[in-house]
Amino acid sequence: MHNKTLVAVAVGLGLISLSACGSTDGGSGSDSKTVTLVSHNSWAVSKKVLKDFEKRSGYKVRVLKDGDAGQAVNKAILTKGNPQGDVFFGVDNTLLSRALDNGLFQPYTAKGLDKVGAAYQLDKDKHRVTPVDYGDICVNYDKAYFSEHRLTPPRSFADLAEPRYKNLLVTENAATSSPGLGFLLGSAARFGDQGWQDYWKKLKANGVKVVDGWDQAYYQEFSGSSEGKKAGGDRPLVVSYASSPPAEVIYAKKRPGTAPTGVATGTCFRQTEFAGLLSNARNPEGAKAFIDFLVSKEFQEDMPLNMFVYPVLRGARVPAEFTAYGPAAKAPETMAPARIAANRDQWVKSWTSLVLK
């Protein structure tokens, strides 16, 4: 399941380190037959699918992943002059402008891009990034809690501020977490540039709890997750993903007939993830081949049950578990990249001052 927390842009290069994971050859990644992928910790692909790519393309894939999505983006920006790899996967629409404005990527039009939904192509004029997947950041609820307390689960952003949900919600810090930032942007999309602040004042008065990242919120504070139960989590509402309920079913020791968690579909914000050819990449041809692979039908259909996101390729099959337990939101909040770019940093500063102080 996605675990995308982010940190503010690092101020010292001495803090940067990347660890090699899933390396196929243990090499440095600088030779012409090795393509190095830089990504967040949630990167995953079936071994067979990756081996098929390596056999067809002639490239060996080396993976460098360290930390969460925003952390990886910020590190990539700071090392863009001497990048750790050739291709980057995992920048999403909430941070896309930061990556593009800092010249992180060079243009490349992926083969098969014409089969990718136009709504996901947020850099279609320059093709500096290629859309790979999408998902919805939404409030999840613990079905057992609401059943036991004979309380109707919230359905919308506005519901969360009602007294009957006091002290029930845990969310991630918008300054240190990608889902936390997405939830903030969703509230801004719903209530407007001025109205979102009044909304968060109400949430704060209603006892919203803020933690650093998704791991802590979902696995420690949320009473509905299997790990949260073990940790004694007492918050039955958490900011997570629409695809979290299927994960609870799939990874259960004994698969239940229904998901133990549900989604408040009126609280969702649409998130799209991209891959890009890094500026100054040592193996640009390998990177291009790998980006082509990311939008191929083979990878797109393999991806959902590995990273719990939805494919952007038209006609790609979605697992039955997603349809049954975690369908994508029908009307999620969205926001134009230009609006995110113009307001994100100031909104986060205002949010921090309003909610955390």
Ser243 side chain near Val309 side chain, heavy-atom distance below 4.5 Å: no
Where Val91 and Ala99 come nearest, the two heavy atoms and their spacing: CG2-CB, 4.1 Å
Verdict with reasoning, Asn82 to Arg282, per side-chain contact (heavy atoms from CB on, under 4.5 Å): CA-CA 9 Å; Asn82 184 27; Arg282 295 181 179 86; 2.7 Å; yes
Within 6.0 angstrom of Lys204 NZ, more than 12 heavy atoms from elsewhere: yes
Asn167 side chain near Arg235 side chain, heavy-atom distance below 4.5 Å: yes
Electrostatic pair Arg339:Asp193 at N-O distance under 4.0 angstrom: yes
Any side-chain donor near an acceptor of the partner, Ser97 and Arg344, under 3.5 Å: yes
Polar side-chain atom of Gln300 near backbone of Leu313 as donor-acceptor pair, under 3.5 Å: yes
Asp142 side-chain N/O to Ala144 backbone N/O, donor-acceptor pair under 3.5 Å: yes
Chi angles and distances behind the side-chain contact (heavy atoms from CB on, under 4.5 Å) call for Val116, Gln121: CA-CA 8 Å; Val116 171; Gln121 299 189 37; 4.0 Å; yes
Pair Arg56-Glu298, salt bridge (Lys or Arg N to Asp or Glu O under 4.0 Å): steps then yes or no: CA-CA 13 Å; Arg56 287 195 309 269; Glu298 184 181 21; 3.1 Å; yes
Parallel, tilted or perpendicular, as decided by the 30° and 60° cut-offs, for the rings of Trp43 and Phe290: tilted
Atom pair CG/CD of Asp159 and Glu162 - distance to nearest 0.5 Å: 4.5 Å
Pair Asp234, Ser223: side-chain N/O donor-acceptor within cut-off below 3.5 Å: no
Any side-chain donor near an acceptor of the partner, Asn206 and Arg164, under 3.5 Å: no
Salt bridge (Lys or Arg N to Asp or Glu O under 4.0 Å) evaluation trace for Arg255 with Glu248: CA-CA 9 Å; Arg255 184 171 290 202; Glu248 289 293 335; over 6 Å; no
Passing option when Trp214 is tested against Ser177, Ser240, Ser244 for side-chain hydrogen bond (donor to acceptor under 3.5 Å, both in side chains): Ser240
Please tabulate, for the side chains in residues 346-357, all donor-acceptor contacts under 3.5 angstrom to protein atoms that are two or more places apart in sequence or on a different chain.
unit_1	atom_1	unit_2	atom_2	d
Gln346	NE2	Ser350	OG	3.2
Ser350	OG	Gln346	O	3.1
Thr352	OG1	Val348	O	2.8

Passing option when Phe183 is tested against Tyr199, Tyr241, Phe269, Phe157 for ring-ring contact (aromatic ring centres under 6.0 Å, His included): Phe157
Asp292-Tyr108 side chain donor-acceptor pair, cut-off 3.5 Å: yes
Contact check, side chains of Phe299 and Val132, non-hydrogen atoms, under 4.5 Å: yes
Hphob cluster co-occupancy, Tyr145 + Val249, side-chain heavy atoms under 4.5 angstrom: no
Any Pro311 side-chain heavy atom under 4.5 Å of Pro304 side chain: yes
Smallest separation among heavy atoms of Gly90 and His40, with atom names: CA-CD2, 3.6 Å
Close side-chain approach of Leu277 to Ile291, heavy-atom, < 4.5 Å: yes
From CA spacing to verdict: side-chain contact (heavy atoms from CB on, under 4.5 Å), Lys288, Phe293: CA-CA 9 Å; Lys288 292 175 183 178; Phe293 165 64; over 6 Å; no
Minimum side-chain heavy-atom gap Val129-Leu96 below 4.5 Å: yes
Lys143 side chain to Ala259 backbone, donor-acceptor under 3.5 Å: yes
Linked, directly or transitively: Tyr218 and Tyr325 (ILVMFWY side chains, under 4.5 Å): no
Value rounded to 0.5 Å, distance of OG in Ser39 from NZ in Lys65: 7.5 Å
Lys297 atom NZ, over 12 foreign heavy atoms within 6.0 Å: no
Polar side chain donor-acceptor pair, Ser46 to Asp302, under 3.5 angstrom: yes
Test item: Pro327 and Phe322 side chains (from C-beta on) under 4.5 Å apart, heavy atoms: no
CD on Gln271 to CG on Leu185, rounded to 0.5 Å: 9.5 Å
NZ/Lys229: more than 12 non-hydrogen atoms of other groups inside 6.0 Å: yes
Arg155 side chain to Thr267 backbone, donor-acceptor under 3.5 Å: no
Ring pair (Phe, Tyr, Trp, His ring centres under 6.0 Å) evaluation trace for Tyr251 with Phe308: CA-CA 12 Å; Tyr251 290 118; Phe308 287 86; 5.7 Å; yes
Nearest-0.5 Å distance, OG1 of residue Thr176 to CG of residue Asp212: 4.5 Å
4.5 Å side-chain heavy-atom contact, Glu285 and Tyr59: yes
From Val208, Leu160, Leu151, Leu203, residue fulfilling side-chain contact (heavy atoms from CB on, under 4.5 Å) relative to Tyr165: Leu151
Closest non-hydrogen atom pair, Glu172 against Ala217: OE2-CB, 3.5 Å
Residues Ser178 and Asp92: side-chain donor-acceptor under 3.5 angstrom: yes
Ion pair Arg317/Glu301, N-O distance below 4.0 Å: yes
Leu50 vs Lys47, side-chain contact (heavy atoms from CB on, under 4.5 Å): CA-CA, chis, key distance, verdict: CA-CA 5 Å; Leu50 185 59; Lys47 291 182 179 180; 5.9 Å; no
Separation between CG of Asp136 and CD of Glu333, rounded to the nearest 0.5 Å: 11.0 Å
Val263 with Val238, same ILVMFWY side-chain cluster at under 4.5 Å: no
Exceeds 12 heavy-atom contacts within 6.0 angstrom, atom NZ of Lys166: yes
Verdict with supporting geometry, Glu221 and Lys209, salt bridge (Lys or Arg N to Asp or Glu O under 4.0 Å): CA-CA 9 Å; Glu221 303 290 344; Lys209 184 173 186 177; 3.0 Å; yes
Pairs where residues 109-131 contributes a residue and the test ring-ring contact (aromatic ring centres under 6.0 Å, His included) is met, not counting sequence neighbours: Tyr120-Tyr134
Test ring pair (Phe, Tyr, Trp, His ring centres under 6.0 Å) applied to Phe105 and Phe274, step by step: CA-CA 11 Å; Phe105 303 113; Phe274 303 86; 9.2 Å; no
Nearest-0.5 Å distance, CD of residue Gln106 to CG of residue Asn280: 7.5 Å
